[in-house]
Amino acid sequence: MDDASLRMSASSAADIPAFTPHSYLKDRLGTVLWAAASIGCAAFFLFMMGLPFTSILFIVLFLASCVTCPLAIRYWRARRFWREATAVAASLDRMELFCDLTHEASTLEGAIARGIAEALSAQGSLELGELKEEMRAERTYAELWTHEVKTPIAASKLALASMHGEPASILKEQIERIEALVEQALYKSRMSSLAADYLISETNVLACVRKACKANMRTLVARSVALEFDIDEELTVLADESWVVFMVSQLILNSAKYDATTIRFSARQTEQEGLTGKTTLEVADDGCGIPAADVPRVFDRGFTGAVGRKHGSATGMGLYLVAFMGMRMGLGITLASEEGTGTRVMMTFPHDRRTLRLAAAKTKAPSDPI
């Protein structure tokens, strides 16, 4: 269950009243008070008629049992269903499973509530199915569009290859930027179906970094960004190569966009006895940095922050995609930044294949967005 679902479950749990003896009696306070008043009046009349105290006490206790026993029996009959229903509703992230995980109600109110829940669940499932179809159609269109738009981009690059001079260089840089944005849109459309494009294998870290740098070389050269590498040529990690290249590419474009003059790539392995080992790839730049107030939100979808608004070309999608893909592949993504000094992004690759299998399994979860 993701953070949003956990927050929703916690909120739902807080809003649902607890089924306790106190709440049960409070809900029937009027009935209890009326019964107590009636028994009190009956005791008064019996006293005025001159009945012995023991007889009055016996009659009062008998009348009280006639009231409390039905209340207690009804409470115990309803207790199981309502407590179970409350617990299930507070913990589920897929509410269509509510009726499957609760027992039949033994009271009329419970049966009515369960029937309403079944009807709402069926209607919700129908609407969700229609929404999924619409989203699937939109995703298909986005994938087709991004593939089709690559043709005019390739033709433009081919035509520009024979041109020289500053205007041609500017056009080439802008064409590459358009190509990067189209690639970003393509990966975004694929994210929800990551399992179809997911291949975990031994991947060379330095090779991935170099591919990402090569794909963005024109941008790096145009902005006079120097590259430094501190990565063992034999270092490998368990990951999907194409996704890692894309993630590193997004980090490179971010660094170049935000005034970096140097980007340093380094990697280190950590092996701890009794714990899972890991490899950390760090991408560090000396750009303008991120204000401390914006750092906690840099991975939020669409968040541009003060620096992004200042530069005017930020979409708020680059780091979001990096974080999302990292989560899907079971990687750890962290960021440290200081305004005016630079930014460091760390990608942590676990050595334990079980972590990656778990991440791959999550990509097939029914609760994933379409």
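All heavy atoms count here, side chains included; hydrogens, waters and symmetry mates do not.
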d(Leu251 CG, Asn216 CG) to nearest 0.5 Å is 10.5 Å

Would you say Asp285 and Thr261 make side-chain contact, with heavy atoms under 4.5 Å?
-> no

Distance-minimising heavy-atom pair for Ile252 and Ile263 = O-CD1, 4.1 Å

In terms of heavy-atom contacts, Leu220 and Cys213 come closest through CD1-O, 3.9 Å

Return the set of residues passing ring pair (Phe, Tyr, Trp, His ring centres under 6.0 Å) with Phe265 (not counting sequence neighbours), or none when no residue passes.
-> Phe229

Could you tell me which residues satisfy salt bridge (charged side-chain N to carboxylate O under 4.0 Å, His left out) with Asp230, sequence neighbours excluded, listed by chain and number?
-> Arg264

Got a sec, which residues hit ring pair (Phe, Tyr, Trp, His ring centres under 6.0 Å) with Phe299, two or more places apart in sequence or on another chain?
-> none

Flag for Thr236-Asn204: side-chain donor and acceptor within less than 3.5 Å = no

Closest non-hydrogen atom pair between Gly326 and Ile333, with its separation | CA-CG1, 4.1 Å

Over all atoms of both residues, closest heavy-atom pair of Ala267 and Leu235 | CB-CD2, 3.5 Å

Can you get from Leu253 to Leu319 by hopping between Ile, Leu, Val, Met, Phe, Trp and Tyr side chains that sit under 4.5 Å apart?
-> no

Within residues 217-227 or reaching into it, pairs that qualify as side-chain hydrogen bond (donor to acceptor under 3.5 Å, both in side chains) - sequence neighbours excluded = Glu176-Arg218

Just grab all the salt bridge (charged side-chain N to carboxylate O under 4.0 Å, His left out) pairs involving residues 331-347, residues at least two apart or on different chains.
-> Glu282-Arg344

If you round to the nearest 0.5 Å, how far is OG1 of Thr262 from CG of Leu227?
-> 8.5 Å

Between Met329 and Trp243, is any pair of side-chain heavy atoms under 4.5 Å apart?
-> yes

Val244, Leu335: one ILVMFWY side-chain cluster at the under-4.5 Å cut-off?
-> yes

Decide, yes or no, whether a salt bridge links Asp300 with Arg297 under the criterion of side-chain N to carboxylate O below 4.0 Å.
-> yes

Check each of Thr280, Leu331, Val283 against Met346 using the side chain to side chain contact (heavy atoms under 4.5 Å, CB included) test, and report the only one that passes.
-> Thr280

Nearest heavy-atom contact between Glu241 and Cys208 is CG-SG, 3.7 Å

Any Val345 side-chain heavy atom under 4.5 Å of Thr334 side chain | no

If you measure from CG on Asp240 to OG1 on Thr203, what distance do you get to the nearest 0.5 Å?
-> 7.0 Å

Could you tell me whether the side chain of Leu131 reaches within less than 4.5 Å of the side chain of Glu127, counting heavy atoms only?
-> no

Which value, rounded to the nearest 0.5 Å, describes the distance between Thr31 atom OG1 and Leu71 atom CG?
-> 7.0 Å

Rounded to the nearest 0.5 angstrom, the CG-CD distance for Leu321 and Gln250 is 6.0 Å

Output for pair (Asp286 CG, Ser255 OG), nearest 0.5 Å, gives 9.0 Å

Please tell me if the side chains of Phe303 and Asp294 come closer than 4.5 Å, counting only heavy atoms from C-beta onward.
-> yes

Are the side chains of Thr279 and Arg268 in touch, meaning some heavy atoms are under 4.5 Å apart?
-> no

Any idea which heavy atoms bring Met247 and Val322 closest together, and the distance?
-> CE-O, 3.4 Å

What pairs of donor and acceptor atoms, side-chain ones from residues 36-65 against any protein atom, are under 3.5 angstrom apart with sequence neighbours left out?
from	atom 1	to	atom 2	distance (Å)
Ser38	OG	Trp34	O	2.8
Ser65	OG	Leu61	O	3.4
Ser65	OG	Phe62	O	2.6

Less than 4.5 Å apart, any side-chain heavy atom of Ile290 and any of Thr343?
-> yes

State yes or no: do Val245 and Met347 share one hydrophobic cluster built from I, L, V, M, F, W and Y residues joined by side-chain heavy-atom distances below 4.5 Å, directly or via other members?
-> no

